[in-house]
Amino acid sequence: MSAFDTYLHAVIVRAMDEAREHGSTTTDALPLLLSLAADQGSTAQQALASVGLDRAAVCDALDREFEHSLSMVGVSPAAYALQRPSRGSPQPKMGASARLALERSFASAGKKDLGSAHLLLGILQARIGTVPRARTLAGIHQAELTERVRQTLHSQDQ
């Protein structure tokens, strides 16, 4: 198993733990993002931190996205005593948005060159879904963060 395979496995395991913790039966792009944000010292974590997105900030953005989505259908979380989600299934399955993020990551470089920034780039390239909505509500500009990650990758290539 290559170093990247070992790293990717650890990221996915952490993402599955995040999904389970949030009561999800699938591991989608959001748990992958949470996993990368919690990966202290990685290039992805540093890029996220540079725009104020640590794991806690990503969770806050998710909460805002959830409240915003509920408000779109006329529900105010403040008006109800919403329970925290119960822990999800023992082994969340890989969801469509995570698979697409990984596919975009793998397409961005040769396998021997892949790293955490490529995984982050694959997640950032999504235009629809929870992650882009949460990112927008957090005031993070996709183009700016994506360009920052690309510049980081470019400087690593030199």
Side-chain angles (χ1 to χ4, degrees), residues 1-70 72 77 82-140 142 145-146 148-150 152-153 156:
M1 199 189 258
S2 73
F4 179 74
D5 290 333
T6 302
Y7 174 75
L8 180 60
H9 177 74
V11 167
I12 290 172
V13 167
R14 271 195 317 267
M16 288 177 160
D17 289 343
E18 292 285 357
R20 199 173 16 262
E21 185 66 29
H22 287 92
S24 181
T25 59
T26 59
T27 302
D28 286 306
L30 184 61
L32 279 177
L33 182 61
L34 287 167
S35 178
L36 290 174
D39 188 18
Q40 292 299 314
S42 71
T43 304
Q45 181 269 328
Q46 292 170 358
L48 290 166
S50 74
V51 295
L53 286 178
D54 59 8
R55 186 189 174 285
V58 173
C59 285
D60 289 344
L62 173 61
D63 290 343
R64 283 193 302 277
E65 190 279 331
F66 180 69
E67 290 173 9
H68 178 75
S69 294
L70 287 177
M72 297 302 290
L82 299 176
Q83 295 179 340
R84 297 283 309 153
S86 60
R87 288 182 60 96
S89 67
Q91 187 73 11
K93 299 196 182 329
M94 192 63 70
S97 65
R99 283 193 307 270
L100 287 171
L102 292 174
E103 286 174 15
R104 288 189 295 265
S105 300
F106 300 153
S108 66
K111 185 174 179 183
K112 68 179 182 73
D113 298 323
L114 288 171
S116 68
H118 294 96
L119 295 176
L120 178 57
L121 192 58
I123 294 168
L124 294 176
Q125 290 173 331
R127 299 198 187 276
I128 59 171
T130 304
V131 171
R133 286 191 308 270
R135 185 181 56 231
T136 299
L137 290 169
I140 305 298
Q142 179 208 3
L145 181 54
T146 301
R148 186 172 293 191
V149 173
R150 284 193 172 121
T152 299
L153 288 170
Q156 288 176 349

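Evaluation of the side chain to side chain donor-acceptor pair (under 3.5 Å) rule for Arg104 yields no partner, not counting sequence neighbours. Applying the salt bridge (charged side-chain N to carboxylate O under 4.0 Å, His left out) criterion to Arg148, with sequence neighbours excluded, gives Glu144. Residues satisfying the side chain to side chain contact (heavy atoms under 4.5 Å, CB included) criterion with His68, sequence neighbours excluded, are Ser71, Met72, Leu137. Asp5 meets the salt bridge (charged side-chain N to carboxylate O under 4.0 Å, His left out) test with Lys111; sequence neighbours excluded.
Within the structure, the salt bridge (charged side-chain N to carboxylate O under 4.0 Å, His left out) test picks out the following pairs touching residues 125-139 (sequence neighbours left out): Glu65-Arg133. Applying the salt bridge (charged side-chain N to carboxylate O under 4.0 Å, His left out) test to residues at least two apart or on different chains, the pairs with a partner in residues 32-53 are Arg14-Asp39.
With rounding to the nearest 0.5 angstrom, the OG1 atom of Thr27 is 8.0 Å from the CD atom of Gln91. Interatomic distance, Met16 CE to Ser24 OG, rounded to the nearest 0.5 Å: 11.0 Å. To the nearest 0.5 angstrom, Thr146 atom OG1 is 11.0 Å from Ile123 atom CD1. To the nearest 0.5 Å, atoms CD (Gln46) and CD (Gln40) are separated by 9.0 Å.
Across Asp28, Leu32, Leu62, Leu30, a single residue satisfies side-chain contact (heavy atoms from CB on, under 4.5 Å) together with Val131, and that is Leu30. Across Val58, Leu53, Thr130, Leu119, a single residue satisfies side-chain contact (heavy atoms from CB on, under 4.5 Å) together with Leu33, and that is Val58.
Scanning both residues, His22 and Arg55, for their nearest heavy atoms gives CE1-NH2, 4.3 Å. Shown here for Leu36 and Ser42, the closest heavy-atom pair between the two residues is O-OG, 4.1 Å. Ala19 approaches Thr26 most closely through the heavy-atom pair CB-O, 3.4 Å. Closest non-hydrogen pair, Ser108 versus His118, comes out as OG-CD2, 3.2 Å. Between Pro31 and Ala15, the shortest heavy-atom distance links the atoms CB-O, 3.2 Å. Scanning both residues, Ser116 and Ala44, for their nearest heavy atoms gives OG-N, 3.0 Å.
A donor-acceptor distance shorter than 3.5 angstrom exists from the side chain of Ser105 to the backbone of Ala101, with no hydrogens or angles considered. The closest donor-acceptor contact from the side chain of Thr43 to the backbone of Ala117 lies at 3.5 Å or more, if one exists at all. Counting only distance, with no hydrogens or angles, the side chain of Gln142 and the backbone of Leu124 share a donor-acceptor pair below 3.5 Å.
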- request: I would like to know whether Leu102 and Leu8 meet side chain to side chain contact (heavy atoms under 4.5 Å, CB included); could you show each step before the answer?
  value: CA-CA 10 Å; Leu102 292 174; Leu8 180 60; 3.9 Å; yes

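Under a cut-off of 6.0 angstrom, the local environment of CZ in Phe66 is sparse, with at most 12 non-hydrogen atoms contributed by other residues, nucleotides or ligands.
Considering only heavy atoms from C-beta on, Arg150 comes within 4.5 Å of Leu121 through its side chain.
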